[in-house]
Number of protein chains: 2
Amino acid sequence: MVTTSEAEALEKHPELADLCPMPDIAKLIGGKWKLIILQILIFKGTKRFNELRRMIPGVTQTMLTNQLRALEADGLVTRKIYAEVPPKVEYTATQRALDLEEMFHAMHNWWMRADG
Amino acid sequence: MVTTSEAEALEKHPELADLCPMPDIAKLIGGKWKLIILQILIFKGTKRFNELRRMIPGVTQTMLTNQLRALEADGLVTRKIYAEVPPKVEYTATQRALDLEEMFHAMHNWWMRADG
DNA sequence: GCATATAGTATCAAAAAAGATACTGTAACC
DNA sequence: GGTTACAGTATCTTTTTTGATACTATATGC
């Protein structure tokens with residue numbers, strides 16, 4: 001299959017240079033669960049693991065752990081472990097995640113508009 | 001696996017009601033290619049099929065067709081066929097897609113910020 | 001003494017998404 | 001008369017993502 005490389009695309013279409021890289025953004029906030037998790041942590045504040053689990057319909061323990069770990073690795077979420085039994089772990093949106101508020105508002109407006 | 005249903009989540013956490021449904025939004029603009037396609041059609045205007053193909057690094061003909069068809073079905077893109085040989089087909093962002101501009105700007109700002 | 005809640009991990013299986021490949025028809029160009 | 005460009009379709013395979021299941025440890029309540 002003949003596909004275009006990044007370099008070719010930019011050479012032939014220099015005007016593409018001012019578009020931001022969607023694949024990179026998708027790596028951070030793409031997938032089935034990340035936007036839901038971020039939305040809750042950003043707008044509803046810090047949550048515990050099982051709290052999130054109960055707030056997100058259909059998410060499994062495995063996926064929630066995976067996604068939270070990925071978000072943590074990308075600096076969008078912090079994880080605070082309390083030395084208690086039974087365990088207590090809190091997840092909080094970082095400033096970088098809070099900066100996504102504008103995007104979430106835009107999405108919300110777009111969804112609510114529902115005219116087009 | 002015990003997961004929460006939509007109804008349970010809302011009953012236990014009524015404050016979730018004001019969050020917009022990310023899964024529904026993801027159906028429209030999620031996946032590997034849709035955001036790139038929309039970004040180009042919204043900010044760079046109408047494009048022909050092979051033009052898009054050359055502008056999007058790594059996309060295959062198959063995927064580009066699929067995604068454009070899905071976007072068309074969801075009312076985000078219109079398809080105009082010219083009765084010429086060789087074939088000429090133009091893709092244009094609808095108003096509903098143009099309304100996503102705000103979201104793209106927010107993403108762009110977020111990406112450019114790159115501090116947190 | 002048994003069940004429950006907590007926050008996980010490890011392993012395996014299924015489903016969804018993406019990709020490769022081969023094919024179509026016709027006009028223009030060399 | 002062979003090659004290229006155009007905009008696809010059909011089929012199959014691979015890869016990625018997501019999900020299911022069983023398991024861990026320990027304090028508290030009944």
Side-chain angles (χ1 to χ4, degrees), chain A residues 1-5 8 12 22-24 26-37 40-41 46-74 77-92, chain B residues 1-6 8 12 22-37 40-41 46-74 77-92:
Chain A
M1 169 94 292
V2 185
T3 60
T4 313
S5 72
E8 279 174 314
K12 289 267 183 180
M22 286 302 149
D24 294 356
K27 259 169 215 152
L28 297 188
I29 60 175
K32 192 169 175 181
W33 304 110
K34 284 182 182 174
L35 283 178
I36 310 182
I37 296 170
I40 292 176
L41 294 180
T46 298
K47 294 279 172 268
R48 294 180 63 172
F49 183 83
N50 271 356
E51 232 176 333
L52 280 174
R53 200 158 73 76
R54 282 189 292 262
M55 291 172 104
I56 302 175
V59 78
T60 63
Q61 221 168 9
T62 317
M63 286 308 295
L64 187 53
T65 302
N66 284 353
Q67 302 304 297
L68 284 168
R69 287 292 192 287
L71 289 170
E72 196 194 0
D74 290 330
V77 157
T78 56
R79 183 158 169 264
K80 182 166 182 186
I81 307 161
Y82 291 83
E84 298 178 6
V85 167
K88 176 176 172 182
V89 179
E90 281 182 351
Y91 291 91
T92 306
Chain B
M1 171 93 288
V2 185
T3 60
T4 313
S5 73
E6 188 80 36
E8 280 173 316
K12 287 269 183 181
M22 287 303 149
D24 294 354
I25 293 183
K27 257 168 216 151
L28 298 187
I29 60 176
K32 193 169 176 182
W33 303 111
K34 285 181 182 174
L35 282 178
I36 311 181
I37 296 170
I40 292 176
L41 295 180
T46 296
K47 295 279 171 264
R48 296 180 62 174
F49 182 83
N50 271 355
E51 233 176 332
L52 279 175
R53 201 159 73 75
R54 282 188 294 263
M55 292 171 103
I56 301 176
V59 79
T60 63
Q61 223 169 7
T62 317
M63 285 310 293
L64 187 52
T65 302
N66 284 352
Q67 301 305 296
L68 284 168
R69 286 294 191 286
L71 288 170
E72 198 194 0
D74 290 331
V77 157
T78 57
R79 183 159 169 263
K80 182 165 184 186
I81 306 161
Y82 292 82
E84 299 177 7
V85 168
K88 176 175 171 182
V89 179
E90 282 182 350
Y91 291 92
T92 306

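Here is the naming used below: chain letters follow the sequence lines, and residue numbers restart at 1 for every chain.
Here the P atom of nucleotide C/dA18 and the CG atom of B/Leu35 are 12 Å apart, to the nearest Å. Between the CD1 atom of B/Ile37 and the P atom of C/dA18 there is a distance of 10 Å, rounded to whole Å. As rounded to whole Å, 14 Å separates atom P of C/dA18 from atom CG of B/Leu68. Distance, A/Ile81 CD1 to C/dT6 P: 17 Å, rounded to whole Å. Atoms CD1 (B/Ile56) and C1' (C/dA18) sit 15 Å apart, rounded to a whole Å. Rounded to whole Å, the distance from CG on B/Leu64 to P on D/dT9 is 11 Å. Rounded to whole angstrom, the span from the CD atom of A/Glu84 across to the C1' atom of D/dT28 amounts to 13 Å.
The line from CD of B/Glu51 to CE of B/Met55 is 6.5 Å long, rounded to the nearest 0.5 Å. Here the CG-CG distance, from A/Leu52 to A/Leu41, works out to 5.0 Å after rounding to the nearest 0.5 Å. Atom-to-atom distance recorded for A/Arg54:CZ and A/Arg48:CZ is 8.5 Å, nearest 0.5 angstrom. Rounded to the nearest 0.5 angstrom, A/Leu35 CG and A/Ile29 CD1 are separated by 5.0 Å. To the nearest 0.5 angstrom, A/Met22 atom CE is 8.5 Å from B/Ile36 atom CD1. One finds the CD1 atom of B/Ile40 at 4.0 Å from the CD1 atom of B/Ile56 (value rounded to the nearest 0.5 Å).
Residues that satisfy the side-chain hydrogen bond (donor to acceptor under 3.5 Å, both in side chains) test with A/Arg53, not counting sequence neighbours, are A/Asn50. A search for side-chain hydrogen bond (donor to acceptor under 3.5 Å, both in side chains) contacts involving B/Glu90 returns B/Tyr82, not counting sequence neighbours. Contacts of B/Thr92 classified as side-chain hydrogen bond (donor to acceptor under 3.5 Å, both in side chains), with partners at least two apart in sequence or in another chain: B/Thr46. Residues passing the side-chain hydrogen bond (donor to acceptor under 3.5 Å, both in side chains) test with B/Glu6: none are found, sequence neighbours excluded.
Contact between B/Met1 and A/Thr60 at its shortest, heavy atoms only, is SD-CB, 3.5 Å.
Over its length, the helix from C/dG1-D/dC30 to C/dC30-D/dG1 turns its helix axis by 10°, as judged from the five terminal pairs at each end, rounded to 10°.
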Determine all donor-acceptor pairs shorter than 3.5 Å in which one atom belongs to a side chain in residues 63-72 of chain B; sequence neighbours excluded.
from    : atom 1 : to      : atom 2 : distance (Å)
B/Thr65 : OG1    : B/Gln61 : O      : 2.9
B/Arg69 : NH1    : B/Tyr91 : OH     : 3.4

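The main-chain N or O of B/Phe49 is never found under 3.5 Å from a side-chain atom of B/Lys88 such that the two would form a donor-acceptor pair.
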Pull out every protein N or O sitting under 3.5 Å from an N or O of nucleotides 4-7 of chain D, one pair per line with the distance.
from  : atom 1 : to      : atom 2 : distance (Å)
D/dC6 : OP2    : B/Asn50 : ND2    : 3.3
D/dC6 : OP2    : B/Arg54 : NH1    : 3.2
D/dC6 : O5'    : B/Asn50 : ND2    : 3.4
D/dC6 : O3'    : B/Arg48 : NH2    : 3.0
D/dC6 : O3'    : B/Pro87 : O      : 2.9
D/dA7 : OP1    : B/Arg48 : NE     : 2.9
D/dA7 : OP1    : B/Arg48 : NH2    : 3.1
D/dA7 : OP1    : B/Val89 : N      : 3.3
D/dA7 : OP2    : B/Asn50 : N      : 2.9
D/dA7 : N7     : B/Gln61 : NE2    : 3.3

Could you pull out the protein-nucleic contacts involving nucleotides 28-30 of chain C (nitrogen or oxygen on both sides, under 3.5 Å)?
none

Could I get a table of every N or O pair under 3.5 Å where one atom is in the protein and the other is in nucleotides 11-18 of chain D?
from   : atom 1 : to      : atom 2 : distance (Å)
D/dT18 : OP1    : A/Lys32 : N      : 2.9

